[in-house]
Trainee: 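Shown below is the structure under consideration.
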Amino acid sequence: MRSVAIHNLFNRTSIFEPVQDRILNNNRSYTFKDSLFEVQIFGNYLNHSTDYPLFAMLIRHWRNAKANNEDPQLLNLPLKEVKDLLLQANKGTRAVDFKKIKASLQRLDTNRVSYRLNSKAQNKVFETGYFFEESPVLDFESKEIRFSISEFIEELYMPNSNISYLNIEELCNIEREANKALYKYLSTHGTVMIDFKLEKLSCVLGLKYRGYSEARCREYIVKSLKELQVLGIVRAYKWRKESNDYRILQSKYFTAKEAEFAIKHAKSNFKFSRI
């Protein structure tokens with residue numbers, strides 16, 4: 001699970017977002033929009049502690065089946081693989097473990113997404129669909145999850161699709177929902193992508209849709225950046241007041257010496273890209 005292909009529709013939007021457990025099973029209905037995507041999101045909130053890693057496991061299992069010329073219509077994911085990844089730090093009973101996985105599957109199953117790419121070269125018609133063709137089944141006796149990926153997901157993963165490869169194991173080892181979400185988002189950007197608008201980060205972290213002020217959004221973002229820096233994921237960061245954005249340098253791309261120069265002098269990616 002160290003290099004899983006996830007479409008950036010799920011990485012660079014708030015389909016999965018930091019959310020408190022007390023509202024996790026509540027329904028939501030809102031539109032995410034930035035320079036890349038316009039997404040209408042319906043269904044339960046989806047988190048990064050259980051829902052995103054489980055979704056990634058299902059996607060990986062489906063893609064592996066297709067690569068091996070197996071029938072991808074009805075797949076079986078062993079529960080042991082799920083437990084080893086998601087519940088390694090959990091001290092609950094077997095029944096509690098299964099309940100947690102089942103609840104996550106149910107949340108994923110409720111979600112319906114309509115999206116379009118904000119590009120002049122792309123079709124402006126919204127594509128709409130669910131994640132599964134039929135509701136997934138958690139089979140306690142056979143100790144597996146039976147599922148079938150929807151045509152909507154199939155079409156997302158056409159050749160040359162907009163995907164990023166994420167280390168799901170590393171994401172699972174990160175504490176706090178907001179930190180996981182920011183790690184996920186940063187992981188989809190390469191070495192030249194170093195500047196990120198405050199509004200964009202607020203959207204990705206789900207802060208904008210909760211009516212938080214700009215000052216409070218900055219507090220949440222800085223807290224996550226500090227914690228990711230301690231973990232060695234972020235090398236350096238800086239809020240640039242004049243442009244109201246954050247320069248974020250990832251450790252996998254910058255040494256300490258390189259970051260010292262880049263944090264002040266590197267050219268902004270806003271001059272040549274949309275993020």
Side-chain angles (χ1 to χ4, degrees), residues 1-17 25 27-28 32 37 39-86 98 100-117 122-123 125-140 142-169 171-172 184 187-188:
M1 293 294 290
R2 294 182 179 179
S3 183
V4 182
I6 305 295
H7 196 282
N8 282 328
L9 177 65
F10 305 106
N11 295 327
R12 296 190 180 183
T13 72
S14 57
I15 293 174
F16 294 87
E17 60 180 303
N25 294 314
N27 284 324
R28 56 183 171 161
F32 173 100
F37 295 105
V39 189
Q40 298 170 353
I41 306 168
F42 309 93
N44 290 163
Y45 285 97
L46 298 176
N47 68 15
H48 291 84
S49 297
T50 308
D51 302 332
Y52 182 82
L54 180 56
F55 178 75
M57 293 192 75
L58 297 171
I59 291 295
R60 185 191 68 160
H61 199 72
W62 164 66
R63 284 173 57 84
N64 285 345
K66 290 187 66 176
N68 295 328
N69 295 317
E70 300 173 10
D71 183 6
Q73 298 304 312
L74 185 60
L75 299 170
N76 303 313
L77 176 63
L79 270 178
K80 185 180 185 305
E81 293 184 25
V82 180
K83 289 187 63 177
D84 287 347
L85 179 68
L86 297 182
F98 284 155
K100 187 174 183 179
I101 297 170
K102 184 176 182 179
S104 181
L105 283 173
Q106 290 173 339
R107 288 193 295 272
L108 289 167
D109 192 36
T110 69
N111 269 256
R112 176 168 59 88
V113 172
S114 295
Y115 88 99
R116 64 183 178 186
L117 296 175
Q122 298 292 336
N123 192 335
V125 176
F126 278 95
E127 301 291 339
T128 303
Y130 291 87
F131 299 165
F132 306 107
E133 199 65 31
E134 298 179 359
S135 296
V137 175
L138 179 59
D139 192 321
F140 297 101
S142 60
K143 297 181 181 179
E144 63 186 14
I145 296 172
R146 295 197 298 272
F147 69 101
S148 55
I149 289 295
S150 68
E151 185 177 344
F152 172 74
I153 299 293
E154 288 260 12
E155 292 179 354
L156 274 178
Y157 277 85
M158 296 295 284
N160 301 316
S161 59
N162 185 6
I163 64 174
S164 294
Y165 290 86
L166 270 78
N167 187 333
I168 304 301
E169 290 181 18
L171 181 143
C172 288
K184 177 195 71 175
S187 295
T188 68

Trainee: Could you give the distance from CG (L54) to SG (C172), rounded to the nearest 0.5 Å?
Mentor: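 Output value for this atom pair is 10.0 Å.
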Trainee: Strictly distance-based, threshold 3.5 Å: is any side-chain N or O of E133 a donor or acceptor partner for the main-chain N or O of E151?
Mentor: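 Yes; at least one donor-acceptor contact below 3.5 Å.
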Trainee: So, for V4 and R60, which heavy atoms are closest and what is the spacing to 0.1 Å?
Mentor: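 Closest heavy-atom pair between V4 and R60: CG1-CB, 4.0 Å.
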Trainee: Are the side chains of F16 and L108 in contact, using a 4.5 Å heavy-atom criterion?
Mentor: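 A side-chain contact exists here, since the closest heavy-atom pair is under 4.5 Å.
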Trainee: At their closest point, which heavy atom of M57 faces which heavy atom of E81, and how far apart are they?
Mentor: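 Minimum heavy-atom separation between M57 and E81: CE-O, 3.3 Å.
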Trainee: How long is the span from the CD atom in E144 to the CG atom in L138, to the nearest 0.5 Å?
Mentor: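 Between E144 CD and L138 CG, I get 9.5 Å after rounding to 0.5 Å.
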Trainee: Is there a side-chain contact between T13 and V113 in this structure, where contact means two heavy atoms from C-beta onward sitting under 4.5 Å apart?
Mentor: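 Contact flag for T13/V113 side chains = no.
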Trainee: Is there side-chain contact between I163 and H7, with heavy atoms separated by less than 4.5 Å?
Mentor: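 Yes, at least one pair of side-chain atoms sits under 4.5 Å.
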Trainee: Would you call the rings of H48 and Y52 parallel, tilted or perpendicular, where under 30° means parallel and over 60° means perpendicular?
Mentor: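 The arrangement is tilted - the two ring planes meet at 30° to 60°.
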Trainee: Assess the residue pair D139 and L79 against the criterion (side chain to side chain contact (heavy atoms under 4.5 Å, CB included)); give the C-alpha distance rounded to whole Å, side-chain angles, the decisive distance to 0.1 Å, and a yes or no.
Mentor: CA-CA 9 Å; D139 192 321; L79 270 178; over 6 Å; no
Trainee: Keeping the roles fixed (side chain from K184, backbone from F10), state whether a donor-acceptor pair exists under 3.5 Å.
Mentor: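 Here the side-chain-to-backbone pair exists.
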Trainee: Could you walk me through whether R146 and E134 pass salt bridge (Lys or Arg N to Asp or Glu O under 4.0 Å), step by step?
Mentor: CA-CA 10 Å; R146 295 197 298 272; E134 298 179 359; over 6 Å; no
Trainee: Over 60° means perpendicular and under 30° means parallel, so classify the ring planes of F152 and Y115, tilted if in between.
Mentor: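 The rings of Y115 and F152 stand perpendicular, inter-plane angle above 60°.
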Trainee: On a heavy-atom basis, which atom in H61 and which in N76 lie closest, and how many Å separate them?
Mentor: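 In terms of heavy atoms, the two residues are closest at NE2-O, 2.7 Å.
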Trainee: Just how far is it from atom CD of E17 to atom CG of N47, taken to the nearest 0.5 Å?
Mentor: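 E17 atom CD to N47 atom CG measures 10.0 Å (nearest 0.5 Å).
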Trainee: Picking from D109, N111, N27, what satisfies side-chain hydrogen bond (donor to acceptor under 3.5 Å, both in side chains) with N44?
Mentor: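 That would be N27; it is the only one of D109, N111, N27 passing the side-chain hydrogen bond (donor to acceptor under 3.5 Å, both in side chains) with N44.
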Trainee: Side-chain contact, heavy-atom cut-off 4.5 Å: F32 with I15?
Mentor: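 No; the side chains remain at least 4.5 Å from each other.
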Trainee: Can you name the closest pair of heavy atoms from Y45 and R107 and give their distance?
Mentor: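 Closest approach of Y45 to R107, heavy atoms only: O-CD, 3.5 Å.
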Trainee: Side chains of S150 and I153: closer than 4.5 Å at any heavy-atom pair?
Mentor: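 Yes, side chains in contact.
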Trainee: So how far is it from K66 NZ to E154 CD, rounded to the nearest 0.5 Å?
Mentor: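 One finds 4.5 Å between NZ of K66 and CD of E154.
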Trainee: Where is the tightest heavy-atom contact between S49 and L86, given as atom of each residue plus distance?
Mentor: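 Minimum heavy-atom separation between S49 and L86: O-CD2, 4.0 Å.
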Trainee: Please report the interatomic distance OG(S104) to CZ(F55), rounded to the nearest 0.5 Å.
Mentor: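 Rounded to the nearest 0.5 Å, the OG-CZ separation comes out at 11.0 Å.
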Trainee: Taking the side chain as C-beta and beyond, is there a heavy-atom pair between L171 and P53 under 4.5 Å?
Mentor: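 In contact.
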Trainee: Would you say that L58 contacts L75 through its side chain, given a criterion of any heavy-atom pair below 4.5 Å between the two side chains?
Mentor: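 The answer is no, as the side chains (C-beta and beyond) never meet within the 4.5 Å cut-off.
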Trainee: With a 4.5 Å heavy-atom cut-off, do F131 and L105 have their side chains touching?
Mentor: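 No; the side chains remain at least 4.5 Å from each other.
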Trainee: Is there a donor-acceptor pair closer than 3.5 Å between any side-chain N or O of T188 and the backbone N or O of S164?
Mentor: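 Not at all, since once roles are kept as given, no pair shorter than 3.5 Å links the two residues.
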Trainee: State the CD-CE distance between E169 and M1, to the nearest 0.5 angstrom.
Mentor: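 Those atoms lie 7.5 Å apart.
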Trainee: Give a yes or no on whether the backbone of A5 and the side-chain of Y157 come within a donor-acceptor separation of less than 3.5 Å.
Mentor: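 At least one qualifying donor-acceptor pair exists.
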Trainee: List the steps and the verdict of side chain to side chain contact (heavy atoms under 4.5 Å, CB included) for L117 and F37.
Mentor: CA-CA 5 Å; L117 296 175; F37 295 105; 3.2 Å; yes
Trainee: Does I6 offer a backbone N or O that forms a donor-acceptor pair with the side chain of N11 under 3.5 Å?
Mentor: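 Side chain of N11 to backbone of I6: a pair is present.
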Trainee: Take N25 and Q106 through the side chain to side chain contact (heavy atoms under 4.5 Å, CB included) test and state the conclusion after the steps.
Mentor: CA-CA 9 Å; N25 294 314; Q106 290 173 339; over 6 Å; no
